[in-house]
Amino acid sequence: MNVSLNVRAAVLSVGILVLFLAAWYAATTGSGPVAPMDPEYAKLMGLTATQGKSAMPGPLDVAATLWGHLRDPFYVRGTNDVGLGIQLGHSVLRVAGGYLLAVLVAVPGGFLIGMSPLMSRALDPFIQVMKPISPLAWMPLALYTIKDSGKSAIFVIFICSLWPMLINTAFGVANTRKEWLNVARTLEVGTLRRAFLVILPAAAPTILTGMRISIGIAWLVIVAAEMLVGGTGIGYFVWNEWNNLSITNVITAILVIGLVGMILDQALARVARLVTFPE
Amino acid sequence: MATFDDPYDPSKPLSRLGCSCGRHASQADHEVDHGADTSSGSEARLTRVVQGAIMRALFPDDLTRRNFLRAVGTSTAMAAVAAFLPVGLATEALAASGPLEKTDLKVGFIPITCATPIIMAHPMGFYAKQGLNVEVVKTAGWAVIRDKTLNKEYDAAHMLSPMPLAITLGAGSTPIPYTMPAVENVNGQAITLAMKHKDRRDPKQWKGFKLAVPFDYSMHNYLLRYYLAEAGLDPDTDVQIRAVPPPEMVANLRADNIDGFLAPDPVNQRAVYDGVGFIHLLSKEIWDRHPCCAFAASKAFVTEMPNTYAALLRAIVESTAYASKPENRKQIAEAIAPANYLNQPVTVLEQVLTGTFADGLGNVRKVPDRVDFDPFPWESFAVWILTQMKRWGQIKGEVDYAAVARQVFLATDAGRLMAEAGLAVPAATSKGFSVMGKPFDPAQPDAYLASFAIKRTG
């Protein structure tokens, strides 16, 4: 039954994909109305204006562009024109930097908040205010104070991926089962040992959930941040192709962004499975 | 007079209208007929730029200059001016070959054709010729380019010409002394409207329009406001003007989010190319030879690294000189079209730079000076910009127009030196320009400002 469910789900997925591609293809092949034009004038105009070609690319155009990028992902043709692979590398490195910083702050911070009801109450209003702030709202402030666009992007990743981890860690720590803590107390386990040997394993699944939410947010934020500061990264690539009104390249980038986001999420899901325990 | 002409030639006018003998459309045609030698080395050209700057400052009134030169003779005039003014020194400063303090530079630009001299100097080797290893970095928007320059991530940058003024005054940012040693381009902007408005060509019918400009502190904003106000519309209440980054303009126009924009090229031509809009008016029809974008650097960079600064400015001036020749424009369009620079179809850039373009309404127009490149930062430009900043409430209170203009637009303070030397300084009155037929007198900014019916000053 289980196997057949997987097979059926796969068939359905492929079916949805084919249907979507067919609809996309049909929607973009038609040509719009074309006004008669003087040939000298037509030479100066683009295909959309002269042949009524849809400004939206079809699936075949996107596939061709994607193949072009995949075939040569690491070219460098100057500061502002490097391959998709290099752009992705820049983005992943930035995300990794900001995200690791956030882990370093959020996990100990979450422990502190979770283990001390006083800190929890005291810090709660700040967390609630900071949590919903959009990454892009931080950007001008970061650029102004940090005075370095690369570090500003990392700071924005940091500040946005901090909160879910902090809250989840605090929640996981605060909700460690009382029985386990009581057993530890009976055995006169020291605070540090209790934190590392009892609370950490107990809270690990919740912490990992927080980290998984955060990596998703970090990857969302990097595209926006790079579109804003430019220079390098996948967000810059999208902006640069938007500048050229090249929807084909933008769609290609969207696909790639989605794939990389999925890989990051799945990697953390693997780690989460390692620390999960049956109750 | 073109920036690269000999300012000591009494037969040449300082203005660009017609030639010295009056029988040719331009000085270039005149020189072709008379077999003048227009090819000159880069050293000579630099000397001319400096001399031209000094002569302009000495004789803002063209007639005075020509009479003066005729009366005393060119060689006497040159000797007299050289005695009081360090022409040689000024030229040497610009041509200084001292050791470069720094050879790896970063220069930021926004991908629009205004930045042509800054961009093309890279693929065409003008930076390399000065021994500089310049990285030209594409930047996402004006606010970012401002912040990155203030952060010293960029050594120098492409800016809108009002921006150095705004930065120096601290409008919209912290006040930091900024300099604008060269203008990039003159003209080269246009008002583009959505196709559905092709029958509403009179701005009086534009009430309720949503229009876009690239930045609040831009010539585009001031020119659009001026144009609307001349038609009797209040740009703050009758229409909505919003700042939209150039690359988003065409997409917004297609999505019917805005009715039109006053934008730098290639955005206008791109809208036409994609059949989204038509070119309503070239900015040269509002104010012919208005400045637009500029090459700007912090005052700290200028004073701390004079040799590097001189080499960089030399590269920009040479590049601008190359770009100012119409016969080079096609080659330039090809050089700056790739993804590393403007990332646009070559045909769009060619139409912008050569001035033979489709207007979006089925006509091919030929306007060779649709965009031109001229590095001289006239102080009167800055004064005009300051009057408009004050007119629309961007700066408040009293402004010492001339002082700010001089501080920011690095023209020479030859007038002061003249006065110290006991020479009569001609009153700078008649050297102005006209915006939509209304003359502007840089010596009377307050009177000019007061003459507008629609303004935000209290």
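If you're wondering where the values come from, they're calculated on a predicted model, not measured in any experiment. Labels below follow one simple rule: chain letters A, B, ... track the order of the sequence lines, proteins then strands, and each chain is numbered from 1. All heavy atoms count here, side chains included; hydrogens, waters and symmetry mates do not.
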Is it the case that the side chain of N240(A) and the backbone of N343(B) share a donor-acceptor pair, with hydrogens and angles ignored and the cut-off at 3.5 Å?
no
What part of Y154(B) lies closer than 4.5 angstrom to a heavy atom of chain A: side chain, backbone, both or neither?
neither
Against chain A, label E153(B) side chain, backbone, both or neither, depending on which of its atoms sit under 4.5 Å from a heavy atom there.
side chain
Should we count NZ of K102(B) as having more than 12 external heavy atoms under 6.0 Å?
yes
Measuring heavy-atom distances to chain A, does E350(B) have an atom under 4.5 Å in its side chain, in its backbone, in both, or in neither?
neither
Counting heavy-atom pairs closer than 4.5 Å to chain A, which one of V364(B), V267(B), V144(B), T356(B) comes out on top?
V364(B)
Using heavy-atom distances under 4.5 Å, tell me whether K148(B) contacts chain A through its side chain, its backbone, both, or neither.
side chain
Does any backbone or side-chain atom of D359(B) lie under 4.5 Å from a heavy atom of chain A? Answer side chain, backbone, both or neither.
both
Heavy atoms, side chains only, cut-off 4.5 Å: are W239(A) and P245(B) in contact?
no
For I112(B), which atoms come within 4.5 Å of any heavy atom of chain A: side chain, backbone, both, or neither?
neither
Pick from K152(B), Q344(B), R270(B), E135(B) with the largest number of heavy-atom pairs that fall under 4.5 Å of chain A
R270(B)
Go through the atoms of M227(A) and report whether side chain, backbone, both or neither lie under 4.5 Å from a heavy atom of chain B.
backbone
Do you know which of T347(B), V348(B), V250(B), N151(B) has the most heavy-atom pairs under 4.5 Å to chain A?
N151(B)
